Number of protein chains: 2
Amino acid sequence: MVARIARKEEYAGACRIYLYNEVIVIARERKFTTDDLFRETGHVLLAQGYEGFTFSILAERLQVSRGALYKYYDNKDELISDFMIHEMDRFLAELREIDNCPDFESRFRYLLDLIFKRRTIHQLISSVQQIPRSGNAKVKANLARLDQLHLDMYARLGSFVGQGRREGKLRSHLPDGLVLGFIFQSIMIPNHSGIPYEEWVAAIEDIIRHGIMA
Amino acid sequence: MVARIARKEEYAGACRIYLYNEVIVIARERKFTTDDLFRETGHVLLAQGYEGFTFSILAERLQVSRGALYKYYDNKDELISDFMIHEMDRFLAELREIDNCPDFESRFRYLLDLIFKRRTIHQLISSVQQIPRSGNAKVKANLARLDQLHLDMYARLGSFVGQGRREGKLRSHLPDGLVLGFIFQSIMIPNHSGIPYEEWVAAIEDIIRHGIMA
DNA sequence: GATTAAAGTGACAAATGTGTCACTTTGGGT
DNA sequence: ACCCAAAGTGACACATTTGTCACTTTAATC
């Protein structure tokens with residue numbers, strides 16, 4: 001009698017498998033969760049960049065054999081694009097919450113906090129842009145979805161700037177893209193001199209608001 | 001009789017070789033100059049990043065065989081670190097000219113222009129930082145020299161900020177590193193909306209001076 | 001035309017990354 | 001104790017990159 005899987009649910013470190021006869025079978029415990037996988041994927045991607053990202057490095061960090069990873073992803077492009085969709089989803093979910101803020105001023109602070117918390121997303125995006133568009137179907141679909149998520153992000157940020165203009169808070173002659181670019185880029189300034197975090201963030205907010213000149 | 005080279009002078013596409021008896025011999029013309037080599041090194045490094053940089057790609061772009069490149073550099077780390085010293089030297093030579101500007105205001109405009117002209121240098125630096133410090137002696141020496149050049153750069157930029165403070169032009173509570181970081185990072189903002197160059201630069205200068213808020 | 005020495009080539013071996021797969025391990029239920 | 005199926009392993013074949021080197025080409029002088 002051949003078993004057919006009806007449903008498969010992953011949880012911390014293991015898998016519930018529901019067979020055709022509704023009997024629960026718990027298979028061998030996994031050595032790493034999808035969370036582990038994505039977390040390490042992010043670390044390796046940030047440290048090594050797209051070209052330097054290999055399944056060997058990832059497998060070593062997860063303490064599994066390279067072959068085990070191929071059980072989940074056929075190649076690094078599929079993994080990285082899947083990972084990036086996951087990251088963008090998380091980011092967008094939090095970005096949507098900006099609508100709960102009543103006015104532009106509180107939205108500005110919320111956005112700044114959010115970008116600080118997710119400050120690696122910029123660098124990750126530039127890694128993803130190195131994935132060849134000519135890849136396989138799964139990768140193509142993922143990249144298309146990412147383009148969609150990007151557009152969604154820009155639309156939301158655009159409406160944030162729009163509100164700022166309507167409330168007369170923003171200097172009106174500055175292009176939208178530049179205002180947003182400034183906020184995004186500022187977060188990436190390396191704190192070489194080791195100024196305490198709170199102080200550093202406050203100074204960045206100040207400089208975005210009013211510039212460097214007296 | 002064994003020939004010994006006393007001096008060797010490279011010029012556009014060829015090489016003058018001065019032999020022990022002072023007789024000039026012009027060897028086979030080179031297919032690429034050091035300028036060509038560095039220019040393409042820069043392009044490939046920007047397009048592919050450190051890990052994606054290979055002698056194969058470089059050789060193809062220079063229309064020579066891969067073997068030819070090994071006549072000049074033993075491996076990519078030596079080439080890239082040499083190239084980066086060359087870039088930093090050029091940048092610093094121009095940065096030193098800032099002393100010819102009389103006041104802070106003119107220095108500010110000069111620095112902005114310079115960073116715009118050399119806006120790739122930031123990304124190149126991050127590629128160079130991926131070179132393993134454990135490499136061979138030549139690479140180690142080059143990286144040490146680069147650290148030196150970095151310090152020189154920061155010192156000069158620091159004195160620029162210092163003058164701004166003395167002249168009372170800069171908002172006094174902002175940390176030096178943040179002011180400089182802000183100027184550097186601004187240049188990297190991608191102009192997605194395709195705003196004309198002059199307009200874009202003017203808007204960036206404006207936002208650096210006075211921020212985004214009305 | 002012979003000689004010279006640098007410039008360049010292409011074939012080779014070594015190292016590393018990629019993808020596959022038969023096999024073993026595991027943790028249940030029967 | 002036996003079966004099942006997913007999880008994991010390690011060896012294999014293949015591709016790409018790296019570094020070397022004997023050889024050819026070139027542009028001059030003798």
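Here is how names work: the chains are called A, B, and so on, in the same order as the sequence lines, proteins then strands, and each is numbered from 1. None of these values were measured; they are calculated from a predicted model.
Taking atom CZ of residue Arg66(A) and atom P of nucleotide dC14(D), one finds them 16 Å apart after rounding to whole Å. At whole-Å resolution of the value, CD in Gln63(B) and P in dG10(C) are 13 Å apart. Atom OH of Tyr50(B) and atom C1' of dT17(D) are 13 Å apart (whole Å). One atom, CG of Asp74(B), and another, P of dT18(D), lie 14 Å apart when rounded to the nearest Å. Atoms CG (Leu69(A)) and P (dG17(C)) sit 14 Å apart, rounded to a whole Å. dG8(D) atom P lies 13 Å from atom CG of Leu58(A), rounded to whole Å. In this structure, Leu79(B) places its CG atom 12 Å from P of dT18(D), rounding to the nearest Å. Atom CG of Asn75(B) and atom C1' of dA15(C) are 14 Å apart (whole Å).
Heavy atoms of Ser65(A) sit under 4.0 angstrom from at least one base atom.
Residues Val161(A) and Leu157(A) have side chains not in contact (no heavy-atom distance under 4.5 Å, counting atoms from C-beta outward). A 4.5 Å side-chain heavy-atom check between Ile131(A) and Ser81(A) finds at least one atom pair inside the cut-off.
Side chains of Tyr50(B) and Asp77(B): a donor-acceptor N/O pair is present below 3.5 angstrom, by distance only.
Contact between the side-chain N/O atoms of Lys31(A) and the OP1/OP2 oxygens of dT9(D) is found at a separation under 4.0 Å. Considering only side-chain N and O atoms, Tyr70(B) lies nowhere under 4.0 angstrom from the phosphate OP1 or OP2 of dG8(C). Distances shown here put a side-chain N or O of Tyr72(A) below 4.0 Å from the OP1 or OP2 atom of dG8(D).
Between the base of dG8(C) and the side chain of Arg28(B) there is no donor-acceptor pair shorter than 3.5 Å.
A donor-acceptor pair is defined here as one N or O able to donate and one able to accept, closer than 3.5 Å; no such pair exists between the side chain of Asp206(B) and the backbone of Arg209(B).
Out of dG17(C), dG8(D), dA7(C), the shortest distance to the side chain of Lys71(A) is found at dG8(D).
Ring centroids of Phe53(B) and Phe83(B) are separated by 6.0 Å or more, keeping the two rings apart.
Nucleotides of DNA chain D nearest to Gly67(B) and Lys76(B) differ in position, and the one nearer the 5' end is that of Lys76(B).
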